[in-house]
Amino acid sequence: MPPAEGGQNVFIMIDYIRGELTEITPTQAVVEAHGVGYALNISLNTYTAVQTQREVKLYVHEAIVTGGRDDSYTLYGFFSKQERALYRLLITVSGVGANTARMILSSLSPKELCNVIANGDERMLKSVKGIGLRTAQRIIVDLKDKIISSGIAQELSVDTQAAHDSTINNDARNEAVQAMVMLGFSPAPSSKVITEILKAEPTLPVEQVIKKALQMIK
């Protein structure tokens, strides 16, 4: 079992909650099941997946911290088992707490995150708010083998050779993505658009890539 923030143990008792989605914000969902409303912290990925649904099924991660000044019990909800598995792997990394893990999963989809880790793309991880270079490097080193051995990569059909087989200029892509992030755009959609541009025009200068991305991104 992965440790919760503060080094305390996580006790898994609830696997999932199925019920009526009574309240939803980008960070929290309230699911009513058998007359009880469960408040679950969620990522933007989960929010996007369930926001229009009436009945939902969310896979649960329970964080129970005891022994400190104040005990706490927090529920996290995930649209898929893969997202929950990635969250649990992320919080095992030194320096990555519950909120940071949720921020990562709000910035990158599970498949994108697996690709980023598998391909050692520390720049993309570092573009997530709250992630420095050392933390990005630790995530890659600690989790690269685990996402493959756990089966998550296969379930998400992640191409772990993409960075080696692609004809895309990765330096140009990373530089363009960094520029888009500095302009206020999220890294995941920026990377997708920039990758499409560079696939079509591999020799396009970075400044032209950014201009095209600004026209295409929504």
Side-chain angles (χ1 to χ4, degrees), residues 26-27 42-49 51 78-80 82-83 85-87 89-90 93 95-96 99-144 146-148 152-218:
T27 58
I42 60 173
S43 69
L44 285 177
N45 281 313
T46 292
Y47 171 76
T48 300
Q51 61 176 318
F78 304 91
F79 180 67
S80 69
Q82 291 82 10
E83 187 184 25
L86 283 170
Y87 176 86
L89 285 175
L90 284 168
V93 178
V96 179
N99 289 330
T100 301
R102 184 166 57 153
M103 179 66 71
I104 293 170
L105 289 168
S106 292
S107 302
L108 300 165
S109 71
K111 183 174 181 178
E112 288 166 338
L113 178 58
C114 280
N115 271 323
V116 164
I117 293 172
N119 296 320
D121 193 348
E122 60 189 37
R123 289 190 182 184
M124 181 62 77
L125 270 177
K126 197 163 69 73
S127 68
V128 176
K129 184 179 179 182
I131 299 294
L133 178 59
R134 289 185 180 179
T135 301
Q137 292 171 337
R138 277 198 300 267
I139 291 172
I140 291 168
V141 170
D142 289 1
L143 303 187
K144 191 169 186 177
K146 290 180 181 178
I147 65 168
I148 297 173
I152 300 172
Q154 291 87 337
E155 290 170 5
L156 294 169
S157 300
V158 170
D159 182 4
T160 56
Q161 297 301 317
H164 304 290
D165 299 338
S166 176
T167 58
I168 292 174
N169 184 332
N170 284 319
D171 288 338
R173 182 188 64 180
N174 291 334
E175 188 176 342
V177 171
Q178 287 281 67
M180 294 293 289
V181 170
M182 290 179 66
L183 290 171
F185 294 93
S186 297
S190 298
S191 179
K192 183 177 180 180
V193 169
I194 288 165
T195 299
E196 290 175 359
I197 294 169
L198 287 171
K199 279 183 179 179
E201 301 178 79
T203 60
L204 198 66
V206 172
E207 62 271 17
Q208 293 300 321
V209 172
I210 295 168
K211 286 181 180 180
K212 283 200 170 190
L214 290 172
Q215 294 171 355
M216 294 171 61
I217 200 165
K218 296 180 180 180

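Excluded from the calculations below are hydrogen atoms, water molecules and symmetry mates; all remaining heavy atoms, backbone and side chain alike, are included. Everything quoted here is computed from the prediction, not taken from an experiment.
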Trainee: If I compare all heavy atoms of Ile152 with all of Ala85, which pair ends up nearest, and what's the gap?
Mentor: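 Reported closest heavy-atom pair: CD1-CB, 3.5 Å.
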
Trainee: Which pair of heavy atoms, one from Leu125 and one from Ile140, lies closest together, and at what distance?
Mentor: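 It is CD1-CG1, 3.8 Å.
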
Trainee: Please answer whether the main-chain N or O of Glu83 pairs with a side-chain N or O of Ser80 as donor and acceptor at a distance below 3.5 Å.
Mentor: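 Yes, because the side chain of Ser80 sits within donor-acceptor range (under 3.5 Å) of the backbone of Glu83.
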
Trainee: What distance separates Lys144 NZ from Cys114 SG, expressed to the nearest 0.5 Å?
Mentor: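 Lys144 atom NZ to Cys114 atom SG measures 13.0 Å (nearest 0.5 Å).
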
Trainee: For Leu90, run the side chain to side chain contact (heavy atoms under 4.5 Å, CB included) check against Asp142, Leu113, Thr100 and tell me which one passes.
Mentor: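 In the set Asp142, Leu113, Thr100, the residue that makes a side chain to side chain contact (heavy atoms under 4.5 Å, CB included) with Leu90 is Leu113.
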
Trainee: Please tell me if the side chains of Met103 and Asn99 come closer than 4.5 Å, counting only heavy atoms from C-beta onward.
Mentor: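 A side-chain contact is absent here, since even the closest heavy-atom pair is not under 4.5 Å.
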
Trainee: Measuring from Lys111:NZ to Asn115:CG, what's the distance to the nearest 0.5 Å?
Mentor: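 Spacing of NZ (Lys111) from CG (Asn115) equals 7.0 Å.
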
Trainee: Can you check whether Met180 reaches Val193 side chain to side chain, under 4.5 Å on heavy atoms?
Mentor: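 No. Closest side-chain heavy atoms not under 4.5 Å.
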
Trainee: Quick one: CG on Leu133 to CD on Glu122, what's the gap to the nearest 0.5 Å?
Mentor: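 It is 5.0 Å, given to the nearest 0.5 Å.
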
Trainee: Output yes when a side-chain donor or acceptor of Thr46 lies under 3.5 Å from a complementary backbone atom of Ser43, and no otherwise.
Mentor: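 No, the answer is negative, given that no donor and acceptor are paired below the 3.5 Å cut-off.
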
Trainee: Just jot down the side chain to side chain donor-acceptor pair (under 3.5 Å) partners of Ser109, sequence neighbours excluded, or say none.
Mentor: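 Partners of Ser109 under the side chain to side chain donor-acceptor pair (under 3.5 Å) test: Glu112.
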
Trainee: Starting from the C-alpha separation in whole Å, work towards a yes-or-no answer on side chain to side chain contact (heavy atoms under 4.5 Å, CB included) for Ile147 and Leu156.
Mentor: CA-CA 10 Å; Ile147 65 168; Leu156 294 169; over 6 Å; no

Trainee: Of all heavy-atom pairs between Arg123 and Gln178, which one has the smallest distance, and what is that distance?
Mentor: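 Looking at all heavy atoms of both residues, the shortest contact is O-OE1, 4.2 Å.
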
Trainee: Could you pull out all residues at least two apart from Ser106 that satisfy side chain to side chain donor-acceptor pair (under 3.5 Å)?
Mentor: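 Listed in chain order: nothing, the list is empty.
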
Trainee: Please report the interatomic distance CG(Leu108) to OG(Ser127), rounded to the nearest 0.5 Å.
Mentor: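 Leu108 atom CG to Ser127 atom OG measures 6.5 Å (nearest 0.5 Å).
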
Trainee: For the CG atom of Leu44 and the OG atom of Ser186, what is their distance to the nearest 0.5 Å?
Mentor: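 OG of Ser186 is found 8.0 Å from CG of Leu44.
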
Trainee: List, one per line, each side-chain donor-acceptor pair under 3.5 Å for residues 204-214, sequence neighbours excluded.
Mentor:
unit_1, atom_1, unit_2, atom_2, d
Lys212, NZ, Glu201, OE2, 2.3

Trainee: With sequence neighbours left out, write down each residue that passes salt bridge (charged side-chain N to carboxylate O under 4.0 Å, His left out) with Lys126, or none if nothing qualifies.
Mentor: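 If we apply the salt bridge (charged side-chain N to carboxylate O under 4.0 Å, His left out) test to Lys126, skipping adjacent residues, there are no hits.
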
Trainee: So, using ring pair (Phe, Tyr, Trp, His ring centres under 6.0 Å) as the criterion, who are the partners of Tyr87 when residues are at least two apart?
Mentor: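 Result, ring pair (Phe, Tyr, Trp, His ring centres under 6.0 Å) vs Tyr87: His61, Tyr76, Phe78.
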
Trainee: Taking only residues two or more places apart in sequence, or in another chain, which ones meet Arg138 in a side chain to side chain donor-acceptor pair (under 3.5 Å)?
Mentor: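 Residues passing side chain to side chain donor-acceptor pair (under 3.5 Å) with Arg138: Thr135.
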
Trainee: Can you tell me how far the CG atom of Asn45 sits from the CD atom of Gln82, to the nearest 0.5 Å?
Mentor: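 Spacing of CG (Asn45) from CD (Gln82) equals 12.5 Å.
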
Trainee: For residues Arg102 and Thr27, report the shortest heavy-atom separation together with the two atoms involved.
Mentor: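 Shortest heavy-atom separation between Arg102 and Thr27 comes out as NH1-O, 2.8 Å.
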
